[in-house]
Amino acid sequence: MAACAVWMAAGVAAAQTVSIAPPQNVLQLSANSTVEVQQDLLSMTLSTTREAADAATVQTQLRTALDAALVEARKSAQPGQLDVRTGNFNLAPRYSREGKMTGWRGTASLVLEGRDFPRITQTAGRISTLSIANVGFGLSREQQAKTEAEAQSVAIDNFKQRADELAKGFGFSGYTLREVSVNAHLGGPVQPRMMAMEAMAKAASDAPVPIEAGKANVVVNVSGSVQLK
């Protein structure tokens with residue numbers, strides 16, 4: 001019985017050490033597609049800063065300025081076209097070089113965002129209690145989804161075409177798909193174009209803020225492996 005047990009244990013150990021041969025004729029490759037699209041989403045941040053000896057005064061001044069801006073912005077608000085939301089609202093003490101507290105300083109901001117550029121810029125121009133702090137452009141969810149679908153279709157076709165060409169180049173008649181991954185992302189950052197001096201100097205003018213959107217690149221990459229046959 002002992003000899004039999006030893007033989008069985010050796011057999012199991014031998015079975016466990018059997019290695020599986022690595023797959024043969026497997027090709028790794030990738031392909032991508034880039035679609036350039038006009039940015040259709042505008043985001044404008046308006047803000048103001050107030051200073052006073054005490055925090056309560058600063059907070060009151062900020063709320064007054066922000067409330068007035070909200071009243072004006074909501075007149076033109078429309079879902080998807082012009083969405084209005086409050087941004088940062090903060091208070092912080094100020095100190096002298098000697099480390100003595102000299103007062104309080106606070107900032108409040110309002111964000112106007114949407115696809116209706118004229119509506120947004122005209123609204124920003126009518127807000128007199130806040131000034132423009134930042135302007136950014138991007139893609140709406142609808143535009144990004146549509147563009148990604150277009151780029152994805154082209155990337156998949158490119159992957160299939162390249163796989164077929166490489167298979168034939170290596171002397172095979174074709175291939176079968178083993179595994180694949182699809183990833184989408186926006187290309188490098190696109191800086192908004194804006195007549196900054198005019199925008200910052202608009203002051204209380206109700207003229208539209210001069211802006212010009214750029215374009216964005218939606219990139220889809222398809223990578224994986226195929227079995228040559």
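These values consider heavy atoms only, across backbone and side chains, with no hydrogens, waters or symmetry-generated copies.
Remark: the backbone N or O of Lys229 is paired with a side-chain donor or acceptor of Ser173 at under 3.5 angstrom. Between the side chain of Gln38 and the main chain of Gly214, a donor-acceptor pair closer than 3.5 Å is present. Judged purely by atom type and a 3.5 angstrom limit, Ser153 has no side-chain atom pairing as donor or acceptor with the backbone of Ala149. Under the 3.5 Å distance criterion, the side-chain polar atoms of Gln227 are matched with a main-chain donor or acceptor of Gln24.
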Go through the steps for Trp104 and Gln59 under the test side chain to side chain contact (heavy atoms under 4.5 Å, CB included), then give the verdict. CA-CA 9 Å; Trp104 289 80; Gln59 183 170 331; over 6 Å; no
Could you go through Ser223 and Ser181, starting from their C-alpha distance and side-chain angles, then the distance that decides it, and tell me whether this counts as side-chain hydrogen bond (donor to acceptor under 3.5 Å, both in side chains)? CA-CA 5 Å; Ser223 61; Ser181 64; 3.1 Å; yes
Worked verdict on Leu166 versus Leu27 for side chain to side chain contact (heavy atoms under 4.5 Å, CB included): CA-CA 9 Å; Leu166 289 172; Leu27 178 66; 3.6 Å; yes
Checking side chain to side chain contact (heavy atoms under 4.5 Å, CB included) for the pair Thr34/Val218: CA distance, chi angles, key distance, verdict? CA-CA 6 Å; Thr34 301; Val218 176; over 6 Å; no
Lys168 and Asp164: CA distance, side-chain angles, deciding distance, salt bridge (Lys or Arg N to Asp or Glu O under 4.0 Å) verdict: CA-CA 6 Å; Lys168 293 178 180 178; Asp164 187 60; 3.4 Å; yes
Just do the side chain to side chain contact (heavy atoms under 4.5 Å, CB included) check on Phe137 and Leu139 with the steps written out, would you? CA-CA 7 Å; Phe137 295 95; Leu139 298 180; over 6 Å; no
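A donor-acceptor contact under 3.5 angstrom links the side chains of Thr57 and Asp54, judged on distance only. In this structure, a donor-acceptor pair under 3.5 Å is present between the side chains of Thr48 and Arg50. For the residue pair Arg119 and Gln81, no side-chain donor N or O sits within less than 3.5 Å of a side-chain acceptor on the partner. A donor-acceptor contact closer than 3.5 angstrom is absent between the side chains of Thr102 and Ser96.
In this structure, the separation between CG on Asn88 and OG1 on Thr45 is 8.5 Å, given to the nearest 0.5 Å. Leu91 contributes atom CG, which lies 6.0 Å from atom CG of Leu62 (distance to the nearest 0.5 angstrom). In this structure, OG in Ser109 is found 13.0 Å from CE in Met44, a value given to the nearest 0.5 Å. With rounding to the nearest 0.5 angstrom, the OG atom of Ser140 is 10.0 Å from the NZ atom of Lys146. Put simply, OG1 on Thr129 and CD on Gln61 are 12.5 Å apart, with the number rounded to the nearest 0.5 Å. Separating the CG atom in Leu41 from the CG atom in Asp83 is a distance of 9.0 Å, to the nearest 0.5 Å.
Val111 and Val84 end up in different hydrophobic clusters when Ile, Leu, Val, Met, Phe, Trp and Tyr side chains are linked at under 4.5 Å. In this structure, Leu177 is a member of the same hydrophobic cluster as Val222, with clusters built from ILVMFWY side-chain heavy atoms closer than 4.5 Å. When the side chains of ILVMFWY residues are joined at heavy-atom separations under 4.5 Å, either directly or via intervening members, Leu228 and Leu29 end up in a single hydrophobic cluster. Note on Ile211: it clusters hydrophobically with Leu110, by side-chain heavy-atom contacts below 4.5 Å among ILVMFWY residues. Hydrophobic clustering of Ile, Leu, Val, Met, Phe, Trp and Tyr side chains at less than 4.5 Å, counting indirect connections, keeps Ile156 apart from Val154.
Between Leu46 and Ala124 the shortest heavy-atom distance is CD2-O, 4.1 Å. Residue Ile127 comes nearest to Ala69 through the heavy atom pair CG2-CB, 3.7 Å, listed as atom of the first residue, atom of the second, then distance. Of all the heavy atoms in Arg94 and Glu51, the pair that sits closest is NH1-OE1, 2.6 Å. Nearest heavy-atom pair across Ala31 and Ala155 is CB-O, 4.1 Å. Between Thr123 and Glu72 the shortest heavy-atom distance is CG2-O, 4.4 Å. Between Ile120 and Glu113, the shortest heavy-atom contact is CD1-C, 3.8 Å.
At a threshold of 4.5 Å between non-hydrogen side-chain atoms, the residues Val220 and Asn32 do not count as touching. The shortest side-chain heavy-atom distance between Leu42 and Arg115 does not fall under the 4.5 Å cut-off. Side-chain atoms of Phe89 and Leu66, non-hydrogen and from C-beta on, do get closer than 4.5 Å to each other. For the pair Val226 and Phe159, the minimum side-chain heavy-atom distance is below 4.5 Å.
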